[in-house]
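Worksheet: one structure, shown below.
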Amino acid sequence: MTIKKILVLHTGGTISMHEDEDGDVETGVENPLTGAKMALPDVDLTVESIFNLPSEYIGPTHMLALQHRIVAAGNDFDGVVITHGTDTLEETSFFLDSTLSVDFPIVITGAMRSSNELGSDGLYNYQSALRVAADNNSRRRGVLIVMNDEIHAARFVTKTHTTNVATFGSPISGTMGLLTKRQIIYFYDLPKRRVLSVENVNKSIPVLKAYAGMDGQLLELLAASNIDGIVIEALGAGNLSREAANGVVYLLSRHIPVVIVSRSFNGVAEPVYDYLGGGVQLEKAGAIFATSINGQKARLKLLVGLDSQLNNEDLRDYLHQV
Ligand code: ASP
C-alpha cells in the first residue's frame, strides 16, 4: 500500500465549531478536528490550524495566505485538504482554483452541523475529503469541493441551501463525482482554465444585484467613489433596465470595468437582446460578460485579472472563458 502524504489546513467554520447549552453555534479555542483520529490506513497527515475563523471573516487576504502555504508545501505532499466554513467556501475554492496550478489534488470541505450536534457531518466530510485527496484519479482536476458524498469543481459549485447538509450543488455542470463506500467516481473532466498568479488582493470591486425598477443612481455614486471595477448580477441572460444601463455607460465612460453575470441561479450569461439595457447593447457599450460564474466568483476573477494587468480584450477573454 502506498502511503499518501496529505497536508491538512484547518481554517474554521461550522466544521470546527460546537453547539453551546442554548443550542447556539460558536467557535471554541480548540478546534475539535485537530485531534480527530481518521480511520484511513493509507494517509499520513500533517495538520495545521492556519485560522480558526467563521468563513464570513475570511476574505481575499486569507485566501492569498492559504495559497502561499500551498505553494510553500510544493511537492512535499501528495495532496492538500482544507476545512472551511461553508458560507464563503465557494469563494476560497474559486480563488485557489484561479491562481494555483498544481498536479496534486486540493480538496475543500466543511460541515452544516457543528462538531457536537446530532447528525454532525463534519468528521464524515473530513474523512471523505481525505479519501478524495489520496485518490490518484483526483490529480490535475483543479480545486475540488467534497461534501455529502459528492465532488464538485470549484468553478461550478455554489451553496444552494441555508441549512441542509446537501447544500453544495453545481447547477450549470452537474455533480462532478461521487464517493461510495468503496469507490470514488468522476463523471467528467473540466474544460481548460487559465491560471494567473496574484500578488495583491486589495482592489475594491463591489457586487450589485439588479432588480425590477433599478435606476442608475447607485451606479453613478459608485463611479464617483474609488472602485476598481464592478460586477452586476443582471436580469436573465444579462439585461438591465434602461436607467441602470445608462449607469453602466457612465461607469464605462470613467474607465471602470463592468462585469455582467446573471442573477439567475442556473444558466450562462450572454448577450441576446438588442435594445437599451439588453445584453447586446451592454456588450457593445463595453461591459464584459462572465459566462458561467456567479457574482461572488466574478468579483474574484476580476480582481485576479486586474492584478495581472490584463486589459481590454485580454481581460474580456479571461472573464469570458468558462
Ligand atoms: N457560518 C458558518 C461559516 O461559514 C457556516 C458553515 O460553516 O457551515 O463559517
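Read the numbers this way: they start at 1 and go in the same order the structure lists the ligands and their atoms.
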For residues Phe95 and His62, establish whether the separation of their ring centroids is below 6.0 Å.
-> no
For atom 8 (O) of ligand 1, find the nearest protein heavy atom and state the residue, atom name and distance (0.1 Å precision).
-> Thr86 OG1, 2.5 Å
How does His84 reach ligand 1, if at all, at less than 4.0 Å between non-hydrogen atoms: by side chain, backbone, both, or neither?
-> neither
Side-chain ion pair, Arg140 and Asp103, N-O less than 4.0 Å = yes
Do any N/O atoms on Lys159 end up under 3.5 angstrom from N/O atoms on ligand 1?
-> no
Just how far is it from atom CD1 of Ile106 to atom CG of Leu66, taken to the nearest 0.5 Å?
-> 10.0 Å
Got a second to check how far Lys159's NZ is from Asn294's CG, nearest 0.5 Å?
-> 13.5 Å
Under the side chain to side chain contact (heavy atoms under 4.5 Å, CB included) rule, what do Leu89 and Ser55 come out as? Steps first, then yes or no, please.
-> CA-CA 7 Å; Leu89 186 149; Ser55 77; over 6 Å; no
Measure across Ala285 and Val249 and return the closest heavy-atom pair with its distance rounded to 0.1 Å.
-> CB-CG2, 4.2 Å
For atom 9 (O) of ligand 1, what's the nearest protein heavy atom and its distance?
-> Ser55 N, 2.7 Å
Counting from 1, what ligand 1 atoms have a heavy atom of Thr14 closer than 4.0 Å?
-> 2 (C), 5 (C), 6 (C), 7 (O), 8 (O)
Among protein heavy atoms, which sits nearest to atom 1 (N) of ligand 1, and what does the distance come to when rounded to 0.1 Å?
-> Glu56 OE2, 2.7 Å
Enumerated ligand 1 atoms positioned under 4.0 Å from heavy atoms of Gly13 | 7 (O), 9 (O)
Provide the number and element of each atom of ligand 1 under 4.0 Å from a heavy atom of Ala111.
-> 6 (C), 7 (O), 8 (O)
